Structure formats: structure tokens, C-alpha cells
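First comes the structure, then the notes that go with it.
Below, chains carry the letters A, B, ... as their sequence lines are ordered, and counting in each starts from 1. Since the model is a prediction, treat every value here as computed from it, not as a measurement.
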Amino acid sequence: MNLIKRSFYARDTVQVAQELLGKTLVRNIDGIIISGIIAETEAYRYKDDAASHSFGGMTERNKAMFDQVGRAYVYFTYGMHYCVNAVARSPDYPAGAVLIRSLFPQHGIDFMSRQRKTRDISNLANGPAKLAQALDITKKEYGEDLTARSSSLYVSEGVKVKRSEIKAGPRVGIKKANDKLWNFKISL
DNA sequence: CTGTTGATCTGCT
DNA sequence: GCAGATCAACAGT
């Protein structure tokens, strides 16, 4: 399985969000491989996007969105949930990230079942906080390099997705900038 | 320092 | 359909 190069992430956040669909998110925990096909993403940008964490400028929490592209931005929310983003933006753009919202489980389904305490495949990683729990992703993975096989979290090639298979819609669970159709998903 | 809100999910009604 | 979990940012005292 080929890794995705850093140049892939050095393009417009919205375009990267679309093209991440069908790619494989891989977690390596002491040699145990847990992976899934990315089935849903959302783009979050900067000053043109009031719903983005980076809208109000850089903070201790969101600084990864301003850092090198191709790295992971993990944040904690609602007191108990982690969510995973891939940092991606055009070279001339200050900040941006793609929220990974759902996975279709591939490898390590036993591990995910243990993490999630369910054997229902369709309920293992069908939400941003569920997927983080299923892959045991926490603040420790903040800033991980998604383009290196030596990382504990990285992205590689997956299945081919046709543009016509991608469905765009409004992003989930936000109250600002609802006019932007930056939620993208595929059905397998 | 205090109160409110949020890119969420679960469990119960 | 709604409460509960209870962290980080931010605006206001």
C-alpha cells in the first residue's frame, strides 16, 4: 500500500477533502495494524470560514492547523471526545484542515470492537469521535506525520472514487457558515 | 475567576 | 427527543 505524499496536502483544503475519500487511514499500535477506508470528510479553512477552529486565529489548541501540511490535528471536545483532522491547505494559505468523519473498517476489527464495546461493524467508526475511539487516537497523536510509515498514524492509497460518486452537503453539527457545502461522502 | 458554548455520542424516555 | 458527560476557548466580571 503506497503512502500519500506531502504534496497531496499542499492544495486547497476543499479539494483535499474530496480526494481523501476512498483513501486508507492506518493506525499502527506496536505493530498491530488497524485501518479503514475514509468514507466522509469535512473541510475547515480560515478567515473565510466562520465555523473553523482557526477562524479566530492561532491558539494553543489549534496551532497544528497552521503547522506543516500532512500532519494530524487532534482536538478534544464536549469533555469526552477526540476528533481527527488532516492538516491541508494551499501553500499561500495560513491554516486549514480536513475533519475525518467516518471510516469503513478494513483491518483490526477485533481491536475496534474492543475499543468501542460493540461488534456491530456499521457502528464502529461512523462518526468523528467514534473513529477516534475505535483507533485509540488521543492527544498523543497530535501532530503525527501522516506521510511517514514510521508514524503511528498515516494515510495510504485505498480505492478509486469517481467524482460522480462524491456527495456534497452542508457540514454537520455547526451553526455558522451553513451555506458552504463542504461535507463530502461516498457510499460503498 | 465565572459562565457559556461547542466540528459529539450514548442511553434512556 | 433530551440529558449527561465535564474540556478548551472566549467574553465578561
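The CG atom of A:N126 sits 12 Å away from the C1' atom of B:dT10 (whole-angstrom rounding). Between the CD atom of A:E40 and the C1' atom of B:dC9 there is a distance of 15 Å, rounded to whole Å. Atom CZ of A:F76 is separated from atom P of C:dA8 by 7 Å (rounded to the nearest Å). In this entry the distance linking NZ of A:K176 with P of C:dA9 reads 15 Å, nearest Å. Computed from coordinates, the A:I174 CD1 to B:dT5 P distance equals 18 Å when rounded to whole Å. Atom pair A:I137:CD1 and B:dT8:P shows a separation of 16 Å (rounding to whole Å applied). Between A:N62 atom CG and C:dC10 atom C1' the separation is 13 Å, expressed in whole Å. With rounding to whole Å, A:Y46 atom OH is found 18 Å from B:dA7 atom P.
Judged by distance alone, with hydrogens and angles left aside, A:Y75 brings no side-chain donor or acceptor close enough to the base of C:dA8 to form a pair under 3.5 Å.
A:R61 has no side-chain polar atom (N or O) that falls below the 4.0 Å cut-off from OP1 or OP2 of C:dC7. For the OP1/OP2 pair of B:dT8 and a distance below 4.0 Å, the side-chain nitrogens and oxygens of A:K130 include no atom meeting the criterion.
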- Tell me, with the steps shown, if A:K139 and A:V74 meet side chain to side chain contact (heavy atoms under 4.5 Å, CB included). CA-CA 6 Å; A:K139 268 216 143 58; A:V74 180; 5.7 Å; no
- Note on the structure: Read 5' to 3' with Watson-Crick or G-U pairs under 3.5 Å, [ ] for crossing pairs and | for partners on another strand, DNA chain B gives ||||||.|||||.
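Between A:E60 and A:Y78, the residue anchored nearer the 5' end of DNA chain C, judged by the nucleotide with its closest heavy atom, is A:Y78.
With sequence neighbours excluded, the residues satisfying side-chain hydrogen bond (donor to acceptor under 3.5 Å, both in side chains) with A:D120 are A:S122.
Under the salt bridge (Lys or Arg N to Asp or Glu O under 4.0 Å) rule, A:D49 has a single partner from A:K180, A:R171, A:R89, which is A:R171.
Aromatic pair A:Y142/A:Y75: ring centres not closer than 6.0 Å.
Using modelled atom types and a 3.5 Å distance limit, the side chains of A:K162 and A:S164 yield no donor-acceptor pair. Defined by atom type and a distance below 3.5 Å, a donor-acceptor pair is missing between the side-chain atoms of A:E157 and A:N2. With hydrogens and angles left out, the side-chain atoms of A:E144 and A:S152 include a donor and acceptor closer than 3.5 Å.
Using a 4.0 Å cut-off between a side-chain N of Lys or Arg and a carboxylate O of Asp or Glu, A:R116 and A:D136 do not qualify as a salt bridge.
In this structure, A:A51 reaches the bases: a heavy-atom distance under 4.0 Å links it to at least one base atom across the strands shown.
Near-neighbour residues of DNA chain C inside residues 79-112 of chain A, defined by a heavy atom below 4.0 Å, number-ordered: A:G79, A:M80.
Across C:dA8, C:dC10, B:dT10, the shortest atom-to-atom separation from the side chain of A:K139 is found for C:dA8.
Counting heavy-atom neighbours within 6.0 Å of A:K167 NZ, excluding the residue itself, gives a total of 12 or less.
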